[in-house]
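Below you'll find the structure, written out as structure tokens, and then a few comments.
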Amino acid sequence: MSSQGVEAMTAVAPPGAQPADPTQADVQRMLSDGFPTLRFPRALEQQFHADTADQRRRHFLASGLIALVVYNGFLLVDWLMAHDVFWLSVKLRLFLFSPAAVFSLWAFWTPKHGALTRLASAYAEVVVLASGLIAALSLAIILSETRSEYAHFYHVGFIVVIMYGNMVQRLRFWNAVLFSIAMLAIHVCGILLLDNFPARLLSPIISLVASTTLFTLIANYTMERDERTHYLLTLKERGLVRDLSRVHEQLQQLSRSDGLTGLFNRRHFQEYFQLVWDRAQHEQSMVSVLMVDVDHFKKYNDRYGHPAGDECLRQVAQVLQDHLRRPDDLVARYGGEEFIAVLPGADATAAAAAGERVRQALEALQLRHEASPIGAVVTMSVGVASCQADFLLKPASLLSAADDALYQAKNGGRNRVSVKSVLGG
């Protein structure tokens, strides 16, 4: 037995062990480079087996119960194709194999009940491998004892056993390879030991069983590769959530708010925006940005003085906070009289509606601005940009588009919302 096969059967984390998740860079490298041998680094391999143990236990139970019914259902085939040794088949199937199979299923049904069941759960692959080998041996014994004229065709029954191990129970690939070699060996030896096996059937039946073995191994390899890819993607998502939490905790210890308005500052916005972008890339979801500028604010300061200008900015900030309602939306003071907001998951329509909502809310306050060329109240211009985050875009592209949209709104007469599309999203 190869070392890879043995390790795959027994590679579970010791009780109580909590291996550290690999870094995001490690996960991304494995996703990019692939894993043609279907093996992770040792620590991650142990973690993979530990994390998927319960799922595989439940799969073993469901498929094992079905397989046991099918296995005993072959008594009808035994009656039709090996009638002279039917009672031997009954003994092998009902009185030898079935009790052992039922005991194994019971052990997996209660995985925390005693040391024996914990041992059974740890060596699930061995149990599946053993059950397949015993099923194949029982078939070989029946074929060696029968003298039925139909027994030669019954050799294709090995196909069912091979499909059971490689596709139904989904042995780990390297264990499936070992299992398949053992099945072929039992099949070929059983044919060669029979003196009366027809020579004309020798090549077709061996070819049929061998082809089935090859095809099921290809399917098994694909299924395990997809399972491991999904597991890495899950780790990546878990890492993104963990990184988001870690950054949040770190930001609690930093100066992250603007002293005048109470909003988040530019530094916090940039870090949060990067996390939102990373998550949106992973989920292939929408991200929108609103860039806001108070119209003719310099004239406001010149007319009413800086203290009044500061109070004006505080009221603008309150309007933005009150009218960007979703929990994940974040608004920040970007500098001077400029504000910015990120809306995770919002498309262009929703973002434009949010921009119009805050514009109208500020205008409704009726803050006097007699120096404004466009009216007697404080207003704002809003630039909106939206895209579906993907790996062809950089987050700076969305910010640049929002800035361009704001420029369009100001050039178009101010006190309006302008929307700019982002190509490639």
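Excluded from the calculations below are hydrogen atoms, water molecules and symmetry mates; all remaining heavy atoms, backbone and side chain alike, are included.
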Steps toward side-chain contact (heavy atoms from CB on, under 4.5 Å) verdict (Leu367, Leu362): CA-CA 8 Å; Leu367 299 176; Leu362 178 60; 4.3 Å; yes
Show the numbers, then the answer: is there a side-chain contact (heavy atoms from CB on, under 4.5 Å) between Leu398 and Leu393? CA-CA 8 Å; Leu398 185 58; Leu393 282 173; over 6 Å; no
Stepwise, does the side-chain contact (heavy atoms from CB on, under 4.5 Å) test hold for Gln47 with Tyr231? CA-CA 11 Å; Gln47 183 179 347; Tyr231 180 73; 3.4 Å; yes
Residues Ile340, Phe273; criterion side-chain contact (heavy atoms from CB on, under 4.5 Å); working and verdict: CA-CA 11 Å; Ile340 192 167; Phe273 178 65; over 6 Å; no
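Residue Arg414 holds its CZ atom at 7.0 Å from CD1 of Ile374, rounded to the nearest 0.5 Å. Here the SG atom belonging to Cys387 is positioned 11.5 Å from the CG atom belonging to Asp347, to the nearest 0.5 angstrom. Rounding to the nearest 0.5 angstrom, the gap separating the OG1 atom in Thr213 from the CD1 atom in Ile181 is 10.0 Å. To the nearest 0.5 Å, the span separating CZ on Arg326 from CG on Leu324 amounts to 9.5 Å. Here CG of Leu31 is found 5.0 Å from CG of Leu232. Values are rounded to the nearest 0.5 Å. Distance CG/Leu217 to CE/Met167: 10.5 Å, rounded to 0.5 Å.
In plain terms, the two heavy atoms of Lys420 and Ala401 that are nearest each other are CD-O, 3.5 Å. Closest approach of Asn301 and Gly309 over heavy atoms only: OD1-CA, 3.3 Å. The minimum heavy-atom distance between Ser257 and Asn265, with the atom names listed, is N-ND2, 3.7 Å. Pro344 and Val342 get closest at one heavy-atom pair: CD-O, 3.5 Å. Nearest approach of Gly336 to Leu313, heavy atoms of both residues: O-CD1, 4.0 Å. Contact record, Leu399 with Met291: O-CE, 4.1 Å, taken as the closest heavy-atom pair.
The side-chain heavy atoms of Leu68 and Phe97, taken from C-beta on, include a pair separated by under 4.5 Å. Proximity of Asp328 to Val276: side-chain heavy atoms (C-beta onward) are nowhere separated by under 4.5 Å. Between Ile162 and Val209, the closest side-chain pair of non-hydrogen atoms falls below 4.5 Å. Within the 4.5 Å cutoff, the side chain of Leu406 has heavy atoms near those of the Ser381 side chain. Contact annotation: the side chain of Val378 never approaches that of Leu365 to less than 4.5 Å [non-hydrogen atoms, C-beta and beyond]. Between Tyr164 and Ser131, some side-chain heavy-atom pair lies under the 4.5 Å cut-off. Side-chain contact check for Leu330 versus His268: some heavy-atom pair is nearer than 4.5 Å. For the pair Thr261 and Leu320, the minimum side-chain heavy-atom distance is 4.5 Å or more.
In this structure a side-chain-to-backbone donor-acceptor pair under 3.5 Å is present from Ser207 to Ser203. The backbone N or O of Met183 sits nowhere less than 3.5 Å from a side-chain atom of His187 that would complete a donor-acceptor pair. Panel note: side chain Trp277, backbone Lys394; no donor-acceptor pair is recorded below 3.5 Å. No donor-acceptor pair under 3.5 Å is formed between the side chain of Arg333 and the backbone N or O of Ala317.
For the side-chain hydrogen bond (donor to acceptor under 3.5 Å, both in side chains) condition, the pairs that include at least one residue of residues 278-291, sequence neighbours left out, are Gln274-Asp278, Ser288-Ser386. Each side-chain hydrogen bond (donor to acceptor under 3.5 Å, both in side chains) pair with one or both residues in residues 62-74, not counting sequence neighbours, appears once here: Ser63-Gln169, Tyr71-Ser138, Asn72-Ser98. Here ring pair (Phe, Tyr, Trp, His ring centres under 6.0 Å) pairs that include residues 366-415, with residues two or more places apart or in two chains, are Tyr300-His369. The salt bridge (charged side-chain N to carboxylate O under 4.0 Å, His left out) contacts involving residues 355-364 comprise Glu356-Arg359, Arg359-Glu363, where partners must be two or more places apart or lie in separate chains. Note on residues 217-228: pairs passing salt bridge (charged side-chain N to carboxylate O under 4.0 Å, His left out), not counting sequence neighbours, are Glu45-Arg228, Arg172-Glu227, Glu224-Arg228.
In this structure, Tyr221 has its ring center under 6.0 Å from that of Phe173.
Applying the ring pair (Phe, Tyr, Trp, His ring centres under 6.0 Å) criterion to Phe339, with sequence neighbours excluded, gives no partner residue. With sequence neighbours excluded, the residues that form a side-chain contact (heavy atoms from CB on, under 4.5 Å) with Leu214 are Ile218. In this structure, the ring pair (Phe, Tyr, Trp, His ring centres under 6.0 Å) partners of Phe35, at least two apart in sequence or on a different chain, are Phe40. Leu139 meets the side-chain contact (heavy atoms from CB on, under 4.5 Å) test with Leu143, Tyr154, Phe158; sequence neighbours excluded. Under the rule for a side-chain contact (heavy atoms from CB on, under 4.5 Å), the partners of Pro373 that lie at least two apart in sequence or sit in another chain are His296, Lys299. Applying the side-chain hydrogen bond (donor to acceptor under 3.5 Å, both in side chains) rule to Glu311 yields the partners Arg314; only residues at least two apart in sequence or on another chain are considered. Ser211 pairs by the side-chain contact (heavy atoms from CB on, under 4.5 Å) definition with Phe215, not counting sequence neighbours.
Looking at Leu96, Val90, Leu94 one by one, the single match for side chain to side chain contact (heavy atoms under 4.5 Å, CB included) with Leu92 turns out to be Leu96.
For Met223, the CE atom is densely surrounded, since the number of other residues' heavy atoms within 6.0 Å is greater than 12.
For Ser180 and Asn166, the side-chain atoms include at least one donor-acceptor pair closer than 3.5 Å.
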